[in-house]
Amino acid sequence: GIGNELAYLERFGTLHSELVIWQIGSHDLLQRKSTSEGVGPPQMPAQKPLCATTELVSRYIIPRLSPSSGSGPLEPKDDLGRLFDQNMIWLTHGIELIRKRGSKVCIVHTPDRLDVVCGPDGYLQERYTSDRKEFLTRARQLKVPVLDLVDEWKDRPGIATAFRDEVHL
């Protein structure tokens, strides 16, 4: 999520990059900052893998074969506005930090499954649409270029099979 990316930037900086490409999915706009509780094998390893094959199997192949519950927002609907506002604050701080470190920034906005495939949660689809508009407006105000892939991928044949769960491609 955006808060986690900000924490990474605060801890490690931009690694002297000329350009930071910040990938933000629709779910990130409503996501809480996580704790270190989930760090550890296989999804968030705390150390370097033994070899690339181990990483491929444990982090990519097995999760794709396992049933997934998805990872949408867990907050009650009443809290989604607060979460979105907090993420916009974190986004603004992150962009300021990137620029302060001398790097340029651009955003790649990737869709969640709900953005591109009609699903049962009409409320969340409406929420994503309105929040995405506000997010894109905020990015324009901050003068950050955005590659918005939502409309490009919407209603594309077979797009549903590109997702390993509700949010991750």
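As a basis for the values below, the full set of heavy atoms in this structure was taken, side chains included, without hydrogen atoms, waters or symmetry mates.
Taking CG from Leu6 and CG from Leu97, the interatomic distance works out to 7.0 Å, rounded to the nearest 0.5 Å.
Residues Ile24 and Leu29 meet the side-chain proximity criterion, which asks for heavy atoms closer than 4.5 Å. No side-chain heavy atom of Glu152 sits under 4.5 Å from any side-chain heavy atom of Leu147. Using a 4.5 Å cut-off on side-chain heavy atoms (C-beta onward), Ile107 and Leu91 make contact. Within the 4.5 Å cutoff, side-chain heavy atoms of Arg132 are placed close to those of Asp148.
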* To do: Check the pair Asp28 / Ile2 against side-chain contact (heavy atoms from CB on, under 4.5 Å), numbers first and verdict last.
  => CA-CA 6 Å; Asp28 292 323; Ile2 296 171; 4.2 Å; yes
* Yes or no on side-chain contact (heavy atoms from CB on, under 4.5 Å) for Cys106 and Leu19, after CA distance, side-chain angles and deciding distance? -> CA-CA 8 Å; Cys106 71; Leu19 174 65; 4.2 Å; yes
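Paired with His27 under the rule side-chain hydrogen bond (donor to acceptor under 3.5 Å, both in side chains), one option of Asp115, Thr110, Asp112 passes, and it is Asp112. Among the candidates Gln141, Glu134, Arg140, Lys133, the single residue satisfying the side-chain hydrogen bond (donor to acceptor under 3.5 Å, both in side chains) test with Thr137 is Arg140.
Shown here is Lys154, whose NZ atom has more than 12 heavy atoms of other residues, nucleotides or ligands within 6.0 Å.
Formation of a donor-acceptor pair under 3.5 Å by the Arg101 side chain with backbone atoms of His16 is not found in this model.
Taking hydrophobic clusters as Ile, Leu, Val, Met, Phe, Trp and Tyr residues chained together by side-chain heavy-atom distances below 4.5 Å, Trp22 does not share a cluster with Tyr8. Both Ile95 and Val146 belong to a common hydrophobic cluster when Ile, Leu, Val, Met, Phe, Trp and Tyr are linked at side-chain heavy-atom distances under 4.5 angstrom.
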